[in-house]
Amino acid sequence: MQNLLHNLNPEQLAAVTLPAQPALILAGAGSGKTRVLTTRIAWLIQTGQVSPAGILAVTFTNKAAKEMMTRLSAMMPINTRGMWIGTFHGLCNRLLRAHYRDAALPQAFQILDTQDQLSMIKRLLKANNIDDEKYPPRNLMYFINGAKDNGLRAHDVEAFDDYNRKMVELYALYDQQCQREGVVDFAELLLRTYELLLRNQPLREHYQARFRHILVDEFQDTNNLQYNWLKLMAGTQGAVFAVGDDDQSIYAFRGANVGNMSAFEREFKVENLIKLEQNYRSHGHILDTANTLIANNTKRLGKNLHTDAGHGEPVRIYEATSDLQEAQWIIEEAKSLIAEGSARNEIAILYRSNAQSRVIEHALFSANIPYRVYGGQRFFERAEIKHAIAYLQLMDNPHNDSAFLRVVNFPTRGIGARSLEQLQDAAKQYGISLYAAVPYVTGKAGTSLGAFIKLVEGMRFETLQLPLKEMVDVVINSSGLIAHYQNEKEGADRIENLEQLVSAASLFVSEEGFGHDAPAGLGPQSEASAGTPLVVGDGIEIIDADVPLVTVMSPLSAFLSHASLEAGDNQAQAGQDALQLMTVHSAKGLEFDAVFITGLEEGLFPHENSQKEEGGVEEERRLMYVAITRARRRLYISFSQTRMLHGQTRYNMKSRFFDEMPESSLKWLSPKVQQHHWFASPKAEWDNAFGESTNKIAQNMGKQAMGWRIGESVAHAKFGEGVIVNIEGSGSSARAHINFGRHGMKLLDLSIAKLDKLSA
DNA sequence: ACCGTTCAGTGGCCC
DNA sequence: ACTGAACGGT
C-alpha cells in the first residue's frame with residue numbers, strides 16, 4: 001500500500017484516496033493523470049473497498065484502455081477478469097451482446113464502421129429515389145450521427161422546414177434498414193445501450209449496484225449521450241471519478257461537449273474538485289508559453305501548470321520565406337539534434353492539417369531521414385481486408401447488405417449493375433435482405449447470384465467446425481481473393497495483408513481466451529456457463545455481461561466486432577527510429593523531447609474555418625496549447641511567409657498566437673525579416689539555398705503599383721496588419737487584395753486606402 | 001470489365 | 001496541386 005502511494009504528490013495522493021463520492025479531477029497536461037487513474041483503481045481494490053467487479057473504467061481509445069490495463073497489472077497482481085476497462089463503444093458492445101434480446105438485436109448483430117455507414121446511406125437514398133445532390137449522403141450521415149449523439153431518435157427530432165422533415169424521414173428509414181440488416185453504427189451502440197438501461201429497470205439497477213466506482217478518462221471529450229449514459233450507469237450511488245482537462249478539449253467538431261465538466265460538477269453535486277497542476281513533463285519556458293497562451297481563453301475552469309524543472313531553453317521561433325524553406329530548416333535543425341544524440345523517435349513534427357505533411361515528407365525523403373507519418377490508413381480499413389471481412393460477415397449474418405454488395409462481384413463473377421438492380425427491386429418489394437431476395441431473381445442473373453450464395457454457404461459449411469484462424473484462411477482462398485490479387489500487378493502487398501489477417505485472427509483467439517481449437521462459427525461456446533444468472537423481481541433473468549466474450553458470442557462474431565471497434569494501429573510502417581510526423585490532434589496524449597510546431601499562420605493555425613464557428617478560435621488556442629505541452633525539453637515554432645495551398649501560393653500573416661505568447665520565453669532565430677526588404681536584397685541571396693520555387697514567388701512579387709508590392713506587409717487603421725496578396729490594375733487605378741488575417745481578405749483602392757509600410 | 005477523363009472539394013478523427 | 005468519385009467510351 002505504502003508502496004502504491006509513495007511518490008505521489010499531495011494533490012495526486014488526495015485524488016487517489018478520495019472517498020466514494022463524485023469527484024472531478026482537473027488534470028493538466030503532463031500532470032500524471034493516467035497514474036492517478038490507475039493508482040486509484042489499485043488503491044480501491046487493495047483497501048478492500050471494492051472488488052474488481054465493481055470497477056468500470058471508460059476511455060475513448062483502445063490505446064488508452066490498454067495502457068491503463070498494462071499499468072494496473074504492473075502495479076498489483078491483478079485479476080483482470082471482472083474488471084471493466086474499455087472504450088465506451090467496447091463496453092456497449094459487450095452489454096449489447098449479453099442482452100441482445102432485451103435490446104431487440106439479433107445475436108450476431110454487426111457493427112458498421114464509418115465507411116459502411118456511408119455506403120449504406122448512399123444505397124438508401126438510391127432505393128428511395130432521393131436526389132443525392134439535394135441530400136448529400138455525408139450530410140445525412142452527420143445529421144443522423146449528430147441526432148444520435150444527442151440521444152434523439154427520428155421521432156424526437158423537431159423539423160421546422162421541408163428539408164429537415166425529409167432528413168428526419170430518411171433518418172427513420174435508415175434506422176429501419178439497419179434493424180432489418182442486423183447492423184448498428186457506432187453511435188447506435190451507445191444509444192441502444194442507453195435506451196436498454198433506461199427502459200429495463202432490473203437491468204439498470206443490477207449494473208448500478210454492481211459498478212460502485214466509475215472512472216472516466218478524458219472527460220472533456222464526452223458528448224451529450226456519453227454523459228447521460230454515465231449518469232444512468234452511476235444512478236444515485238455510483239461514485240463517478242471524472243478526470244479531464246478543459247484546456248485540452250479539441251474535439252467539439254465531433255460532438256464533444258466541454259460543458260459536461262461543469263454540468264457534472266453541478267448535477268452530481270461534486271464536492272471533491274482537485275486540480276493537478278504540477279507538470280512533470282516540460283521545462284519552464286515551454287510551460288510558461290503554454291500558460292500565457294491559454295490564459296487568453298475566457299471560458300476556463302482555471303488552472304495553471306508549474307514545474308520544478310527550471311526554465312530550460314527558450315522556445316525557438318523561426319520565420320521562413322516559404323513552406324519549402326520551412327521544411328528545409330526543420331530538417332537542418334532535426335539533423336543537428338540527432339547529431340547531438342537525440343533519438344529520432346523523440347523528435348516530433350506537428351502540423352495543423354494533413355496537407356502540410358507533403359512538403360515536409362518530401363524534404364525528409366530527399367535528405368534520407370527516416371520518418372513515420374501517423375494517421376494513415378489502418379489495417380482493418382484496407383480494401384482487401386474489408387473484402388475478406390465482408391465474406392466473414394456474410395457467413396455470420398447474411399442479411400448485412402453492405403457486406404453483400406461489397407463482395408457479390410468481387411472478385412468479378414459476372415454480376416453487374418443490371419443483375420443487382422433486379423435483386424434490389426426484389427428485396428425492396430418483399431422487405432428482405434439482398435441475400436434473402438436472391439431466389440426471387442430469375443434468368444441468368446438469378447443463376448449467377450445463386451452461385452454466389454452457394455459459394456458463401458459452401459464456405460460456411462466447410463468451416464463450421466474449424467477454428468477461426470483456419471476459417472479465415474479458407475475464406476481468403478475460396479473466395480478467390482488471393483487468386484485475384486495474384487493476377488494483379490501490385491497485389492503482393494495485399495496478399496501479404498490478407499495473410500496477416502489470418503495471423504490477426506489467430507492472435508485474437510489466444511488473447512480473448514477462446515480455446516484455440518474451438519469452432520469459430522458456432523454460437524456461444526458454453527451458454528450454460530454464462531456468468532451467474534440473476535433472478536430479480538418479476539422473475540426476469542439477467543445474465544451479467546461479466547463473462548468472457550466467448551460465452552455470449554461466437555469467436556467469429558467477436559472477431560468481427562474487434563475488426564470494427566479496433567481498426568488497428570493508426571500509424572504507417574513501424575520504422576522504429578524515425579522522426580514522428582502527425583497532426584496536432586493526433587499528438588494529444590503523446591510527448592517528445594523535441595517538438596516542431598509548424599505553419600503558425602493566420603488561416604492555417606488558427607484555421608480559417610474556425611473564425612466563423614462559435615468558440616472556434618478558443619478551440620484552436622486549446623489545440624495550440626496541446627501542441628506546446630507535448631514538448632519536454634525543446635520546442636520550435638515556425639511559420640512561413642508563403643505557402644502552397646490548393647494549388648496556389650498563399651501569403652499568410654503570422655499567427656495571432658505569437659502575440660499571446662510571452663516574449664521572455666521566446667527566442668527568434670531568424671531576424672524578423674521586413675517583408676518589403678526582400679526585394680531590396682539580391683534575389684539570389686535567399687534563392688541559392690532553397691529550391692527553385694522561390695523564383696516564381698519572387699517574380700510574382702515583383703508586381704507593384706503606387707509604390708506597393710505583392711508580398712509586402714502593410715498596416716491599416718481599421719484592419720490592422722496585413723499582407724498584399726495580389727495587385728490588379730496599375731497606376732492610380734490599382735487595387736490590392738490584402739489579407740488582414742482575422743479581418744479577412746479586403747480589396748482596397750491603393751490611391752484611396754490609407755496604408756502604412758510595416759517595419760516589423 | 002476496364003480504361004481515361006472530368007469535376008468537385010479540399011480541417012481536425014476517436015469508436 | 002492532388003485526390004477520389006462519377007461518368008462515358010471502348
Side-chain angles (χ1 to χ4, degrees), chain A residues 58-65 86-94 111-119 122 132-133 136-138 142 145 148-149 184-191 193 217-218 220-223 225-226 249-256 323 350-359 362 374-378 380-381 383 409-418 484 487-488 561-568 570 582-589 599 603-613 616 619-620 622-624 626-627 643-650 693:
Chain A
V58 199
T59 64
F60 277 85
T61 65
N62 293 298
K63 198 176 155 208
T87 63
F88 277 104
H89 295 85
L91 297 170
C92 286
N93 181 44
R94 190 165 202 165
I111 301 165
L112 296 180
D113 67 15
T114 315
Q115 283 177 45
D116 301 332
Q117 190 187 16
L118 187 64
S119 78
K122 283 180 182 166
D132 62 3
E133 305 249 308
R138 229 162 254 285
Y142 294 146
N145 292 342
K148 288 189 181 184
D149 285 345
V184 298
D185 58 53
F186 287 134
E188 184 72 25
L189 282 171
L190 265 296
L191 183 52
T193 309
D217 190 19
E218 306 277 17
Q220 78 283 352
D221 287 340
T222 52
N223 65 32
L225 180 55
Q226 286 158 343
S249 158
I250 56 172
Y251 285 116
F253 70 89
R254 66 176 197 216
D323 47 353
L350 310 185
Y351 34 82
R352 174 64 181 82
S353 64
N354 284 305
Q356 288 168 251
S357 78
R358 290 185 60 94
V359 183
H362 181 78
Y374 280 64
Q377 206 184 22
R378 298 148 71 181
F380 284 106
E381 286 167 355
N409 198 35
F410 193 94
T412 50
R413 40 179 79 91
I415 300 174
R418 290 295 300 273
H484 172 84
N487 291 330
E488 233 184 33
S561 302
H562 168 80
S564 304
L565 293 175
E566 298 194 46
N570 202 6
M582 68 194 83
T583 64
V584 179
H585 279 95
S586 40
K588 182 159 165 243
L604 204 64
F605 202 173
H607 195 277
E608 53 194 348
N609 295 0
S610 70
Q611 315 253 356
K612 314 175 199 86
E613 291 158 13
E619 177 144 324
E620 295 290 304
R622 291 192 292 269
L623 194 54
M624 185 60 188
V626 167
R643 185 176 296 278
M644 264 310 227
L645 196 63
H646 306 324
Q648 49 191 2
T649 308
R650 305 221 313 192
S693 87

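Below, chains carry the letters A, B, ... as their sequence lines are ordered, and counting in each starts from 1.
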(request) Determine the contact category for Asp132(A): base if any of its heavy atoms lies under 4.0 Å from a base atom, sugar-phosphate if only primed atoms, P, OP1 or OP2 are that close, otherwise nothing. (result) nothing
(request) Summarise protein proximity over nucleotides 4-10 of chain B in one line of letters, 5' to 3': B for base, S for sugar-phosphate only, - for none, counting protein heavy atoms closer than 4.0 Å. (result) ------B
(request) Take the protein atom CD of Gln220(A) and the nucleotide atom C1' of dG12(B), then report the distance between them rounded to whole Å. (result) 15 Å
(message) Output the rounded distance in Å from CZ (Arg254(A)) to C1' (dC15(B)).
(response) 8 Å
(request) Could you work out the separation of dC13(B) and dG4(C) based on their P atoms and round it to a whole Å? (result) 16 Å
(message) On the nucleotide dC13(B), are OP1 or OP2 found under 4.0 Å from the side-chain N or O atoms that Thr583(A) carries?
(response) yes
(request) Take Glu218(A) and Gln220(A), measure what side-chain hydrogen bond (donor to acceptor under 3.5 Å, both in side chains) needs, and give me the verdict at the end. (result) CA-CA 5 Å; Glu218(A) 306 277 17; Gln220(A) 78 283 352; 2.8 Å; yes
(request) Find the distance Arg138(A):CZ to dG4(C):P and express it as a whole number of Å. (result) 12 Å
(message) Let's test your reading of the model: under 3.5 Å, does the base of dG12(B) pair with the side chain of Glu620(A) as donor and acceptor?
(response) no
(request) Round to a whole Å and report the spacing from CG of Asp221(A) to C1' of dC13(B). (result) 11 Å
(request) Not counting sequence neighbours, which residues clear side chain to side chain contact (heavy atoms under 4.5 Å, CB included) with Ala64(A)? List them please. (result) Thr59(A), Thr61(A), Asp217(A)
(request) For Ser610(A) and for Gly416(A), find the nucleotide of DNA chain B with the closest heavy atom, then tell me which residue's nucleotide is more 5'. (result) Gly416(A)
(message) Can you work out whether Thr412(A) or Asn609(A) has the more 5'-proximal nearest nucleotide on DNA chain B?
(response) Thr412(A)
(request) Hey, could you give me the CG/SG distance between Leu225(A) and Cys92(A), rounded to the nearest 0.5 Å? (result) 8.0 Å
(request) Could you tell me the separation between the CE atom of Met624(A) and the P atom of dG11(B), rounded to a whole number of Å? (result) 20 Å
(message) Taking 5.5 Å and 30° as the limits, would you call Phe253(A) and the base of dG12(B) a stacked pair?
(response) yes
(request) Would you please confirm or rule out a distance under 4.0 Å between OP1 or OP2 of dG12(B) and any side-chain N or O of Arg352(A)? (result) no
(message) Does a side-chain N or O of Asn145(A) approach OP1 or OP2 of dC15(B) to a distance below 4.0 Å, or not?
(response) no
(message) Tell me whether the rings of Phe380(A) and His562(A) are parallel (<30°), tilted (30 to 60°) or perpendicular (>60°).
(response) perpendicular
(message) Just to be sure I understand the rule, does Phe60(A) reach a base, reach only the sugar-phosphate, or reach nothing, if contact means heavy atoms closer than 4.0 Å?
(response) sugar-phosphate
(request) Can you figure out which of dC13(B), dT3(C), dC15(B) approaches the side chain of Thr87(A) most closely? (result) dC15(B)
(request) With the side chain of His89(A) defined as its heavy atoms from C-beta on, choose the nearest nucleotide among dG12(B), dC13(B), dC15(B). (result) dC15(B)
(message) From CG of Leu350(A) over to C1' of dG12(B), roughly how many Å is that when rounded to an integer?
(response) 13 Å
(request) Mind calculating the distance between CD1 (Ile111(A)) and C1' (dC15(B)) to the nearest angstrom? (result) 9 Å
(request) Please identify each residue that fulfils side chain to side chain contact (heavy atoms under 4.5 Å, CB included) with Asn354(A), with sequence neighbours left out. (result) Tyr351(A), Thr583(A)
(message) Need one value for Ser564(A): base, sugar-phosphate or nothing, where a base atom within 4.0 Å counts as base even if backbone is also close, heavy atoms only.
(response) nothing
(request) Round to the nearest Å and state the distance from Gln115(A) atom CD to dC15(B) atom P. (result) 15 Å
(request) For Asn62(A), answer base if it contacts any base atom (sugar-phosphate contacts may also be present), sugar-phosphate if it contacts only those atoms, and nothing otherwise; contact means non-hydrogen atoms under 4.0 Å. (result) sugar-phosphate
(message) Once you apply a heavy-atom cut-off of 4.0 Å, does Asn354(A) come out as touching a base, just sugar-phosphate, or nothing?
(response) sugar-phosphate
(message) Would you say Gln226(A) and Asp221(A) are linked by a side-chain donor-acceptor pair, where the criterion is simply a distance under 3.5 Å?
(response) no
(request) Inspect the surroundings of CZ in Arg138(A) and state if more than 12 heavy atoms from other residues, nucleotides or ligands are less than 6.0 Å away. (result) no
(message) Under a 3.5 Å distance rule, please check whether Asn409(A) uses its side chain to pair with a backbone N or O of Thr412(A) as donor and acceptor.
(response) no
(message) Is His607(A) stacked against the base of dG12(B), taking the criterion as centroid distance under 5.5 angstrom and interplanar angle under 30°?
(response) no
(message) Check whether Arg622(A) reaches the backbone of Ile250(A) with its side chain - one donor and one acceptor, N or O, closer than 3.5 Å.
(response) no
(request) Using only side-chain N and O atoms of Arg378(A), determine if any of them is under 4.0 Å from OP1 or OP2 of dC13(B). (result) no
(request) Identify whether any heavy atom of Glu613(A) sits under 4.0 Å from a base atom; if not, whether one sits that close to sugar-phosphate; answer base, sugar-phosphate or nothing. (result) base
